[in-house]
2 protein chains.
Amino acid sequence: MLSIGDLSKRTGVKVPTIRYYEQMGLLAAATRSEGNQRRYERSDLDRLAFIRHARDLGLDISAIRELIALGSHPQQPCGDIDRIAAEHLSGVREKIAKLKKLEEELERIVSHCDGNHAIKDCYVIRSLSDHGLCEGEH
Amino acid sequence: MLSIGDLSKRTGVKVPTIRYYEQMGLLAAATRSEGNQRRYERSDLDRLAFIRHARDLGLDISAIRELIALGSHPQQPCGDIDRIAAEHLSGVREKIAKLKKLEEELERIVSHCDGNHAIKDCYVIRSLSDHGLCEGEH
DNA sequence: ATCTCAACCTCCAGACATTAGAGGTTTGAG
DNA sequence: CTCAAACCTCTAATGTCTGGAGGTTGAGAT
């Protein structure tokens, strides 16, 4: 049996976050010690690792809840699960595309500015003020 | 003179968000009509466009406040502005790198799942449960 | 057996950048 | 002049945690 602190150390999920996940219904309410402290076992550790992994991938709480619910019917076909992951993949791709445009623009801004001219002539300020200077759209 | 709704339409920033920016000190308190409604002019539109642009680039409110403050002393050299932009650039690059790893992993996960086997054998669930299946780190 | 102090408990509040709603007032077009 | 749309302020919610206050428990050392 693990304390909440043990669980935290092993998964890298902070203690209040574990309690939050319990509150959000991602983790079943833990069994308690005589003194009312949460006690966890192997299966809780696995589930928390699953949650953490999914969060790292950027899935939100409700998506994870959906996955967990689906996962509890292991005989059914996994089409829905596939759909959730695929939807998320396209979301991630969009974010990457956006960020790449931002990266280019910031690069351009920084490379034009040597840090030594007066602010009124600074390319950073000029290009932030005047969207027309941007090469891409965003 | 523009109403807050006009400003909103022209910049794509929602009305309550404009009021929020005023509250946060990014926009100066607008002049008011006789009936206490906000009235804006050209310079407000420019500044709001600046703010919006900076937010699109992912700068947070305090960074924007900093830029605005620096921009109001146009005789000083722009080293600080350059620093803010450069710091932000490295943040964006980190985000991109992270998301690319996620993209790869999600691709791998999705491609292994044809949506037709039982959930207990689904690669999505298996790889979320077992970090050891990941090729990269995250 | 007792002491001690880290780790635990609950509840509440804050962080971020908005967004939405309630309830009331002003504006401007017909 | 009327009346709906747009405005006002204030409050509260969103999502995902994170921190603190104030009090209790657990476990190792004496």
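In the text below, chain A, chain B and the rest are named by the order of the sequence lines, each starting its count at 1.
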B/A30 to B/E22 - nearest heavy-atom pair and separation: N-OE1, 3.8 Å
Note: B/E34-B/R39 ion pair, threshold 4.0 Å (strictly below): no
A/D6 CG to C/dA6 C1', straight-line distance once rounded to whole Å: 13 Å
Short N-O contact, B/R108 and B/E104, less than 4.0 angstrom: no
Please tabulate the protein-to-nucleotide N/O contacts below 3.5 Å involving nucleotides 11-17 of chain C, giving atom names and distances.
{"residue": "C/dA17", "atom": "OP1", "partner": "B/I61", "partner atom": "N", "Å": "3.1"}
{"residue": "C/dA17", "atom": "O3'", "partner": "B/R55", "partner atom": "NH2", "Å": "3.3"}

Minimal non-hydrogen separation, A/L27 against A/D44, with atom names: CD2-O, 4.3 Å
Segment of DNA chain D, first to last nucleotide, that comes within the 4.0 Å heavy-atom reach of chain A: D/dT16 to D/dG26
B/R93 bridged to A/E107 by N-O distance under 4.0 Å: yes
Beyond-backbone contact of B/I4 with B/Q37, side-chain heavy atoms, under 4.5 angstrom: no
Contact nearer the 5' end of DNA chain D, comparing B/R32 with A/M24: B/R32
Presence of salt bridge, B/E41 and B/R47, under 4.0 angstrom: no
Worked check of side chain to side chain contact (heavy atoms under 4.5 Å, CB included) between B/D6 and B/Y40: CA-CA 9 Å; B/D6 296 333; B/Y40 296 96; over 6 Å; no
OP1 or OP2 of C/dC8 under 4.0 Å from side-chain N/O of A/S3: yes
Within-4.5 Å side-chain heavy-atom neighbours: A/R55 and A/I64: yes
Between CD1 on residue A/I18 and CG on residue A/L26, distance to nearest 0.5 Å: 12.0 Å
Tabulate atom names and distances for all N/O pairs under 3.5 angstrom spanning the protein and nucleotides 27-30 of chain C.
{"residue": "C/dT27", "atom": "OP1", "partner": "B/S33", "partner atom": "OG", "Å": "3.0"}
{"residue": "C/dT27", "atom": "OP1", "partner": "B/G35", "partner atom": "N", "Å": "2.8"}

Reported OG-to-CE distance for the pair A/S62 and A/M24, which is rounded to 0.5 angstrom: 11.5 Å
Short side-chain N/O contact to C/dC8 OP1/OP2 from A/R38, under 4.0 Å: no
Whole-Å gap separating P (C/dC9) and CG (A/L7): 11 Å
d(CD, A/E22; P, C/dC8) in whole Å: 14 Å
